[in-house]
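Notes for the one structure printed next.
We count residues from 1, following the sequence as given. The basis for the numbers below is simple: all heavy atoms, side chains too, and nothing from hydrogens, waters or symmetry mates.
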Amino acid sequence: MHTWTRMCFTAVLGAAFMASAAQPTFAGQVETKGKAKMGDEKSLYERLGGKKAITAVVDEFVANAAADARINKFFALTASDPNRMATFKGNLVDQICQAGGGPCTYAGKSMKQAHAGMGISTADFNVLVEDLVKALDKLKVGEKEKNELLSVLGPMKGDVVEKP
């Protein structure tokens, strides 16, 4: 896996824990009736396949992380409570939807608040990114969309990682 892809995708780990109440912006982004677009191109949300497809990615991603002995300890409390898990997944779907220019609004905690005291290391974050990329690859998300999503979520890493 490319270092850049791994780094950016690692931000998705943070996304899994929810944050970023404001929609991120990036070079060339145009706001059009609630949907962020690159020029005349469809929004990332639309290119990912909308909320249904994002939900499938989140379901696969969470399953990957829960099965990954390297990081599943961070999800133990959430996994043990069906209501907490449903909230977690819903927040993650909303965060990705919003970041991609979709109609959702993320209303969870900031990344810093959600991850405070967890002791997440850079290595832990990288593992989570691997699990997200695995989900995106399994569901055949295009390279362009995968890289764009990772680049939008990547900047969250600083609020998630507490240890080098």
Side-chain angles (χ1 to χ4, degrees), residues 1-66 74-75 78 84-116 120 125-161:
M1 179 184 309
H2 294 97
T3 302
W4 181 85
T5 300
R6 173 180 272 156
M7 178 192 76
C8 289
F9 194 71
T10 301
V12 173
L13 168 60
F17 291 106
M18 302 312 114
S20 179
Q23 183 172 352
T25 57
F26 43 92
Q29 180 175 341
V30 177
E31 189 65 33
T32 56
K33 300 193 187 217
K35 295 187 178 182
K37 296 186 178 190
M38 296 294 289
D40 291 333
E41 187 176 346
K42 288 183 178 181
S43 69
L44 176 59
Y45 169 81
E46 293 168 312
R47 289 180 284 126
L48 287 171
K51 193 165 184 175
K52 184 175 180 180
I54 291 170
T55 300
V57 167
V58 167
D59 287 342
E60 186 66 28
F61 168 57
V62 170
N64 290 347
F74 296 112
F75 300 94
T78 299
R84 189 171 174 166
M85 180 58 82
T87 298
F88 173 77
K89 285 182 174 183
N91 281 339
L92 185 52
V93 168
D94 285 346
Q95 188 177 40
I96 293 171
C97 171
Q98 178 179 322
C104 308
T105 300
Y106 173 72
K109 295 177 182 178
S110 72
M111 292 297 278
K112 199 171 251 333
Q113 290 172 325
H115 298 92
I120 296 171
F125 191 77
N126 290 343
V127 168
L128 190 67
V129 171
E130 287 176 27
D131 289 340
L132 179 57
V133 170
K134 182 178 174 183
L136 294 167
D137 288 344
K138 180 176 181 180
L139 296 172
K140 300 183 182 351
V141 172
E143 282 297 312
K144 178 179 179 179
E145 288 74 22
K146 180 170 48 176
N147 288 332
E148 190 174 330
L149 176 61
L150 296 175
S151 72
V152 169
L153 298 173
M156 296 177 195
K157 179 180 179 182
D159 288 338
V160 174
V161 173

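- The distance from atom CD of Glu41 to atom CD of Glu46, rounded to the nearest 0.5 Å, is 10.0 Å.
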Can you give the donor-acceptor pairs under 3.5 Å from side chains of residues 48-63 to other protein atoms, not counting sequence neighbours?
from	atom 1	to	atom 2	distance (Å)
Thr55	OG1	Lys51	O	2.8
Asp59	OD1	Lys89	NZ	3.4
Glu60	OE2	Lys138	NZ	3.3

Discussion item. Would Asn91 and Gln95 count as a side chain to side chain contact (heavy atoms under 4.5 Å, CB included) here? Give the steps.
Written reply: CA-CA 6 Å; Asn91 281 339; Gln95 188 177 40; over 6 Å; no
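- To the nearest 0.5 angstrom, Arg47 atom CZ is 4.0 Å from Glu148 atom CD.
- What you find for Cys97 and Tyr45 is that their closest heavy atoms are SG-CE1, 3.4 Å.
- The two residues Ser43 and Gly100 come nearest to each other via the heavy atoms CB-O, 3.6 Å.
- Rounding to the nearest 0.5 Å places CG of Asp137 at 3.5 Å from NZ of Lys146.
- If you take CG on Asn147 and CD on Glu145, they are separated by 9.5 Å, rounding to the nearest 0.5 Å.
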